[in-house]
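Labels below follow one simple rule: chain letters A, B, ... track the order of the sequence lines, proteins then strands, and each chain is numbered from 1. Keep in mind it's a predicted model, so treat the numbers as computed, not measured.
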Amino acid sequence: MPSKTTNKKTDQTTGRTARQLLPALLAALMLTATAALAGKHGAVIEEGKSLTFDRKKGNCLACHYIAGAVSPGNIGPALAGMKARYPKKEDLRARIWDVTEFAPEAMMPPFGRHKILSEDEITKITEYIYTL
Amino acid sequence: MKGRYAAAAQPRRLATGSLLAVALFSMVLPAGAGKADRAEFDRLHAEAEQARKKADSIGGQWRDTAKFLKQAKAAADAGELDKAMKLARRAKDEGELGYRQASSQKGNVQIPSYLK
Amino acid sequence: MTGKILAGVLGAACFALAPAMLHADPQSDLEVYQRFFKEKYPDIPFTQFADGAYALNEQMRENWEAIEEFPPYGPFVDSGERLWAAPFANGKGYADCFPDGPAMQHKFPRWDKEQGQVVTLSLALNQCRETHGEKPMKYKGSPLVDLLSYIAYQSRGKKINVVVPKDDPRAMAAYQKGKDFYFTRRGQLNFSCAHCHFKNSGMSLRTDILSTAVGQTTGWPVYRSKWGTAGTLHRRYTGCNKQVRAKPFKRESEQYRNLEYFHTHMSNGLALNGPAARK
């Protein structure tokens, strides 16, 4: 009995290995690709974060609260729950680019229109803020 | 699944594309450029200076515009033309944006609605 | 003929009407601005707005009061007193230009009908010097800041009462220019003065608290820790403009004098309390 079972198990294992070799390989490949993508995305978010915090760049903390940041201002709204506030990421980006298009009296500098930040920098900042 | 692969593949394709573009550009650029660059810079610098003056004439000049123009000139004189062009372009942008900012408010200053 | 006359009359009427419609009434402006802050800060006594951001935050106020115990502007006042008393080469002195003595800061800025411009205290001091054959002072540092400090100290308690005379439309135009300046978006950051100092007053810009527009002109010259010295209101204007990444105007330029005219008018009724210490 036990040997049979063992045999069966072995058979099964061998069979599984043979039959699932391709999908497993594919899965492994996929994981690597996903990790690479996530890593790249993660790097963009990290860059976005440092641009957000940099006083000479976004300097967002001058006016906005971000959880965990040191001595943020409170002139603008806290940066939290961004996905709920802007289901579309591009809506958030458009406001960073020039908020006065949406709220003519708003104080926030038009980071894109006045070229305070480059398009690439705005994209990266948007990626980071969208995670908040 | 397929989407992920596509997304992963796209940047690579883009990267290849831009690499190709860069390669092409660097092959083309030195041929026609060189001497023309300084003339191009001088033209851009003059335009930028004019834009700055125009903004200043209505009180719309920005803080660093004149500084960028100075730095651009210094860079050009030092032979760093790419840097010089970048700075001059920035100064020109600022001159134009500052003028637009000031002229759009001439006789049309917005008093906050809560103060009316 | 009649048509022409009618057109002329209509044209003249439009001309007469236009400024009245365009120009705000300083008195009603004053009421709107002061009411805005009284309503925004119902618990703060109106006189306290003269203390700037320190009116708005208890802890900052305590630190500030500690600084005021050993006022850093003291030496400027002392030096200014000596300068005030020192005679010019012709034997005359400031007292000949300002017969009521140094307690006269509350008379500035004022509209000067003969000159057709806003005269600030700094400008008046230099005009006095030039009248008596002295070189005008630079609008930066000593001796001007020292003299202003002494005059401010002597003028403490006097109430701000800027007048925009109704009989000279140029005065109203100067006021209007100052008002336009105040509310105009400026610089790469696109801020107007009002963006920081009306609705957002009391809020934190990182660790700084934004002061209220009303009360900003009572305490000049100000000894600013950031400067490590005492400076004028126009120096502060320069700094504000630079902070929003705009090219500043010259001290005592027409722009800044008109701005001071409007800006000080807003604080009518508040008592002068300069020199003051600020962060």
Side-chain angles (χ1 to χ4, degrees), chain B residues 41-42 44-76 82-116, chain C residues 18-19 21-25 28-37 39-40 173 176-201 213-214 237-250 253-256 258-259 262 266:
Chain B
F41 168 77
D42 287 339
L44 183 64
H45 190 275
E47 285 168 9
E49 175 59 17
Q50 210 176 350
R52 180 200 66 75
K53 273 192 188 150
K54 197 174 162 195
D56 197 32
S57 72
I58 55 167
Q61 188 180 326
W62 290 358
R63 184 188 64 191
D64 300 329
T65 315
K67 186 177 84 186
F68 293 147
L69 281 167
K70 230 187 229 171
Q71 289 173 345
K73 194 96 181 168
D82 283 350
K83 187 182 165 193
M85 290 294 283
K86 218 174 140 189
L87 283 160
R89 210 167 288 128
R90 200 162 162 194
K92 191 183 170 195
D93 284 343
E94 287 206 353
E96 288 168 356
L97 288 164
Y99 178 79
R100 205 171 308 154
Q101 178 188 44
S103 62
S104 70
Q105 293 178 92
K106 274 272 175 285
N108 182 35
V109 177
Q110 299 299 307
I111 308 293
S113 47
Y114 59 85
L115 284 181
K116 280 174 189 162
Chain C
M21 289 190 302
L22 280 173
H23 294 154
D25 169 16
S28 76
D29 281 355
L30 181 69
E31 282 157 21
V32 169
Y33 303 153
Q34 295 195 350
R35 190 178 42 212
F36 173 80
F37 289 112
E39 284 172 5
K40 185 170 165 69
Q176 183 65 37
K177 280 183 189 166
K179 181 178 172 179
D180 283 350
F181 191 110
Y182 197 87
F183 289 105
T184 295
R185 287 183 183 268
R186 219 169 275 284
Q188 191 180 34
L189 298 188
N190 210 36
F191 297 159
S192 75
C193 308
H195 276 116
C196 285
H197 300 294
F198 268 93
K199 206 172 164 184
N200 287 316
S201 65
V214 167
Y237 286 161
T238 303
C240 281
N241 281 167
K242 283 188 196 161
Q243 273 173 312
V244 305
R245 301 187 189 167
K247 181 193 167 193
F249 294 89
K250 292 209 158 63
S253 60
E254 191 199 341
Q255 286 91 340
Y256 280 172
N258 289 340
L259 175 61
F262 167 77
M266 208 192 287

Trainee: Ignoring hydrogens, what is the shortest heavy-atom contact between B/E94 and C/Q188? Give both atom names and the distance.
Mentor: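 Smallest heavy-atom distance, with atoms named: OE2-NE2, 3.8 Å.
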
Trainee: Is C/N190 in contact with chain B via its backbone, its side chain, both, or neither, using a 4.5 Å heavy-atom distance?
Mentor: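 Its backbone and side chain both get close to chain B.
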
Trainee: Partners of B/A72 by side-chain contact (heavy atoms from CB on, under 4.5 Å), sequence neighbours excluded?
Mentor: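 Only B/F41, B/H45, B/L87, B/A88 meet the side-chain contact (heavy atoms from CB on, under 4.5 Å) criterion with B/A72.
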
Trainee: Using 0.5 Å steps for rounding, measure from the OH atom of B/Y114 to the NZ atom of C/K40.
Mentor: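 The OH atom of B/Y114 sits 8.5 Å away from the NZ atom of C/K40.
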
Trainee: By number, which residues in residues 48-65 of chain B have some heavy atom less than 4.5 Å away from chain C?
Mentor: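 Near chain C, by residue number: B/D56, B/G59, B/Q61, B/W62, B/R63.
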
Trainee: As an exercise: rank C/K199, C/R186, C/H195 by heavy-atom pairs under 4.5 Å with chain B and give me the winner.
Mentor: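 Going by pairs under 4.5 Å, I would pick C/K199.
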
Trainee: For C/F249, which atoms come within 4.5 Å of any heavy atom of chain B: side chain, backbone, both, or neither?
Mentor: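 When you check distances to chain B, only side chain atoms of C/F249 fall under 4.5 Å.
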
Trainee: Against chain C, label B/L97 side chain, backbone, both or neither, depending on which of its atoms sit under 4.5 Å from a heavy atom there.
Mentor: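 Neither part.
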
Trainee: Can you measure from CD (B/Q101) to CZ (C/R185) and round to the nearest 0.5 angstrom?
Mentor: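 Taking CD in B/Q101 and CZ in C/R185, the distance rounds to 8.5 Å.
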
Trainee: Any heavy-atom pair between the side chains of C/K179 and B/V109 that's under 4.5 Å?
Mentor: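 No. Closest side-chain heavy atoms not under 4.5 Å.
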
Trainee: Please check if atom CG in B/D82 has more than 12 non-hydrogen atoms from other residues, nucleotides or ligands closer than 6.0 Å.
Mentor: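 No, not enclosed.
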
Trainee: Under a 4.5 Å cutoff for heavy-atom pairs, which residue among C/N241, C/L189, C/D180 has the most contacts with chain B?
Mentor: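 Top count of heavy-atom pairs under 4.5 Å with chain B: C/D180.
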
